[in-house]
**Student:** 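Here it is, the structure, as structure tokens.
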Amino acid sequence: MKILSFRLWDELFGIDIGCVKEINRSVSYTLAPTSPADVMGLYNMRGQVVTILDLALILGYEPIKRDASVDSIILKQRCGTKEIYGFAIDTAEDVLTIKNELISAMPANVEAPQSELLKGVYQAEHDLILLIDVEKVFLSRGSVS
Amino acid sequence: MKYENVSDFGNIFATHHGIIAYLFNCNNNRNVLLYVKINQKFYNEISDIRAGDTVQDDEFLQDFVDEAKGHIEEVESAFLDTEKFKDSYNQGSYSQGSDDQINNVFRAVHSIKGTAGFFQLKNIVTLAHAMENVLGQIRSKSLTMSENILDWLLLCNDCLKQMVYNVTESDKLDISPYLNKLDDILSPKALTETTQAKPTGATPPQENPPDTKTAPAKKPTKQKDHKSPESKTSSNAKPDVKPLKLTTVAKPQPIKNLHVYGKKVSLNASVASEQINEAFCDALTALAAKGHTVYKVVIPYDAELRDHCEPAELFGRFSAQGEIVDAFADISDSHDVNDITDVLTGYYGGDVRLELLVTNVLTLEKFCDETGVEQSWVKEIKPEVFTKKRHDEEVHDEPAQSAIKPEETIRVSVKLLENLMALSGEMVLARNQLLNAYENRNTDASAMTHVLQNIDNLTSQLQEEVMQTRMQPLGNVFNKFPRVVREIAKSINKEIALNIQGKDIELDRSMIEGLVDPLTHLVRNSADHGLEYPDVRERAGKSRKGTITLRAYHKSGLVAVDVSDDGSGIDIAAVKTKAIEKGLLPEDQAAVMSDNDAFKLIMLPGFSTAKIVSDLSGRGVGMDVVKNNVEKLGGTVEISSAPGAGTTITLLLPRTLAIMHSLMVGTCGQRFAMPQMCIDHVVSLKSNELGTKLEHIKNSKEIRLRGKLLPIISLAEVLGLKPGSETKVVVINVFKRQFGLLVGEVFDTEETLVKPLPSCLKSCIVYSGVTIMGDGKISLILDPEGIAKRSQAHFPVTEQESAPDRAEREKIMLEYQNMMMFKCSGTETYAIDMNMVSRVETILASDIEEVGGDSYAKIRGKAIRVIRPEDFLPLKKKQYEKEKLTVIVPNLVSHPIGLLVERIIDNAKEHFDLDTEQIKAKGIFGTVLYQNRLVVILNLYELFELVEPATSAADKDINMSKRVLIVEDTPFFQHVEAKYLEAAGCTVSVAENGKEALELLRRNTYDAVVSDLIMPIMGGLELIQNIRKDTRLRNIPAVAVSSMTASNYVNQAIEYGFDAFENKLNKETLIKTVDNVIKSRRGVSGR
């Protein structure tokens, strides 16, 4: 399986490359006051409106720094939806091919929401990569998404 | 294989004994069979090909359904029209119109029958056939159209509709009741009559007789090139040449099966003989019995004609004018023909005659004209069996117009359309970006101007075109109303005529769909509550038959749809009473409420209940629903009504939904779009001026707007942002609320392309969508309703704007400023009031001479000093390079100085909201927004003072230091007059109307009053009367002012008690007059 690894608050995450449409750097987005906390804003990607979500916040970290622009992983449209979402990230790292046998389940001492939104931990050579379960991330946002 | 192109022209449908039948798919899927008699050798080859034909049933079945739907609607609308003519029919003096209608119906039913036959849709064919029989009788006048028959025909049509909509199940439906009924209708009549029509005289044929040919061609494209330009019809009637692979049978079938097309025609007919043989006669007799007149058209098919016209095209042309019963060509004698395609492509040089049997022709002349056939080629067929009972007039009286064919349409997949829409939207965006870049450019890039203009034009055009693909004629909605009205009329026993106008006005698809309900509602209302009963009408001196008119037209860029009736009108008193009863209207307001406002009461939710409606002659069923629906489409509803004369309800709609005009507003550094639909006007707050000062009542903010408190919602607060200094109030009308939205900045208006709101923002309720702006950034579109809702916690719903308020606003709009806009060297747009312009001259750069540092221009032989306004104002400037310059010569000043400008842009007559805050400088009144541009309004007097301090010193002589009350309703003139008088040292107060002025006058002391004449609530004349009546005020000096130099009001003003009359824009005389008046009055009162 191929994953895209990226950093958020110095932790290394991985997301199935199959979910990723593209990576956009220094995206300047429009704030949407009164929106749910995990919605950072909207971004015009070649005429399509992308809703940028604060992945850090969703995963239970501190909100990502709200600068005027942000790097973002734009996700492919999920089936049945027309809208496009992007995750705000600190930096995109690499595309890796990972071996399934090196993925371990989330350790028992990890609490929600991480324990629910992550597929598992990939033990890379130097780091641990937390694998994100995109579907669950959206499910956790419930009816809002 | 050499026949592969055969199918380009039509399908070989069946073959039999040396005759092949081609099925041509002409206009709108009307199918025509062409029989070609060929020699045996060729026949054999063709038979082989046919065996391999594929069958594509479903696709064509769908085509049939679509086509049939159209026909059914046609039948319905024609029936309802027929009703109109029923009377004349019954009197035996049939009119042209009624014949037309019958013909249309006949043809439509016939077409359904014909096509259904191909698909073996037995029930549809049977029912259509039965209807056709009845119609034939009616047409031939052997049966009289009656209400009863019409009802049955309509029912049958409904049944047809039902079957067509569910075509696969159609044969399961029991249609026997209909058939029996139709039989009943016919049974008493012996069909003794026959038809026969008249042959005719002739109009000269068009220059190019079309020609016909039979048989498919190998090289279709080549032939197309030869179309003659003169034959209009040939290009118009260009048929669809796509191969129609009909359900064909795998093997050659006996020709008998061709009967499915509905005509019992034998194929034995020989084209060679002029005589129609007996088998033919049978068919023709059958047709004639049904009221058809049959013509035989013989077209000499020679090389020349062959070049001009493809067979399919030719058939298209004919079938557009009539029904082709049969078509024959005989090439069997031509032994040198090897291949049927040779005939079509012209390889075969011999002449062939093509014979067409055509029926359902409206008039012979028209037929010939439209098809380009020489009249001598056309013969009416009179088989011996026919008796000559038909009237001659029937044929020649038939109208020449009629039978307006629906335009050919293209079906485009919705997806493709949506892509196109998105693309064009993008193009608009690109244009905006370019424009933006241009505005911000630092260097002079004059070359860019061209590009910009081009892109601008192209984009707009492209977008318009694309939008057009979504446009549909309103006729699509209107067409259902004859039926609706007819049914209502029957059920409530009224006589109602429906008049429809503007069917071809177009609106966006989605709008059309959204209009169905509101219009149905309105029409029902009109019929039910608007129109009186026949007896009542008669007593009122009207015709017994009431009229409802549906009318669509363009109105200032919008589409207006009127639903009007000539009924009793809305009973205003009754409406008011009901509204008071319902607690919707305070009694005291009711008295002062204008009629217009009273009409609007019926649109209040809660006004309408079934009960009210029954005892009121007004309307009210769900008018609030109508209003809401129309507003959802971005439109508005207007009501007007005259007692006794009727009511008109006008729906004003934008042509399309996707593009919205928005005003960009900003707060806390963020921009938002506010739909312009709901914006009333913009107020600039000033801390020291009544009416534009923010005041507080506990926690809520208000401003006093024309004597009323306007609740203010701070956008920043609603959005949970930290408010900064916010000084602009956008006054918003939503539903029955009016409130002010406090924002930080107001930018341009933009044409915004609306995109749907991401779902996770829906919970915010304050947004209605998103849009992409010129800089590529996204802006959220604010939803005023949501904003009001969200702020409700600390802000109660305000009452509806009161009547006087509204009336006042409407009146204010009556006074316009007429501005001339121009550009100087900078990017700014300037304007001065037209009244201050004496004339505009074009001069050459060489006409300008420098004298002592000043520029003078020779204009009409006189030297006049000219200045560039930007030299004296804190504005951008640069050198001119133009050869030709424009000089504006001002009016109303003692020492005219010409303004040297680059070009005049526009004249605008509009009500401007002057903003004096944005740009403050001497020589400038302020700024206004005009068509997305910030326009700087010049104060010429101040400007000239800057230019020539010496000359204007004269003004300074008058130093009045007086307290002057200006009574003026137009903000712009308020500023102008105040500036002038302040310049002369006066202290100025402003009242917006006479009433306010009187209050101020009674409270404070003024040395003079300067009053406009036309104002809301209390005008100048009334004011002066009141002043002169008041013992304390009677001696106050008063000057009437007007923006019109020569005014009829002058005498009247003096008569009513003003001391003088002055032009409000002429600073010098205005000041002098005020001064004089004060002096002379003092003399009087001093005594």
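Naming convention: chains lettered A, B, ... in sequence-line order (proteins, then strands); numbering from 1 in each chain.
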**Student:** Could you tell me whether Lys136(A) atom NZ has more than 12 heavy atoms of other residues or ligands within 6.0 Å of it?
**Tutor:** no
**Student:** For Leu42(A) and Leu761(B): C-alpha separation, side-chain torsions, deciding distance, then whether side chain to side chain contact (heavy atoms under 4.5 Å, CB included) applies.
**Tutor:** CA-CA 10 Å; Leu42(A) 305 175; Leu761(B) 295 182; 3.8 Å; yes
**Student:** Under a 3.5 Å distance rule, please check whether Thr30(A) uses its side chain to pair with a backbone N or O of Ile778(B) as donor and acceptor.
**Tutor:** yes
**Student:** Taking atom CD as the centre, does Glu101(A) end up with more than 12 heavy-atom neighbours from other residues, nucleotides or ligands that are less than 6.0 angstrom away?
**Tutor:** yes
**Student:** Could you pull out the closest heavy-atom pair between Ser35(A) and Cys764(B), with the gap in Å?
**Tutor:** CA-SG, 3.3 Å
**Student:** Please flag which part of Thr51(A) lies under 4.5 Å from any non-hydrogen atom of chain B: side chain, backbone, both or neither.
**Tutor:** side chain
**Student:** Is it the side chain or the backbone of Leu715(B) that comes within 4.5 Å of chain A heavy atoms, both, or neither?
**Tutor:** neither
**Student:** Regarding Glu83(A) and Ser759(B), is there a side-chain donor-to-acceptor distance under 3.5 Å anywhere?
**Tutor:** yes
**Student:** Do Cys760(B) and Tyr85(A) have side-chain heavy atoms sitting under 4.5 Å apart?
**Tutor:**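 Yes, close enough: below the 4.5 Å cut-off.
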**Student:** Using a 4.5 Å cut-off on heavy atoms from C-beta on, say whether the side chain of Asn44(A) contacts that of Lys777(B).
**Tutor:**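 No - every pair of side-chain heavy atoms lies 4.5 Å or more apart.
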**Student:** To the nearest 0.5 Å, what is the distance between CG (Leu31(A)) and CG (Leu780(B))?
**Tutor:** 9.5 Å
**Student:** More than 12 heavy atoms of other residues, nucleotides or ligands under 6.0 Å from NZ of Lys2(A): yes or no?
**Tutor:**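 Atom NZ in Lys2(A) is not packed in, count stays at 12 or less.
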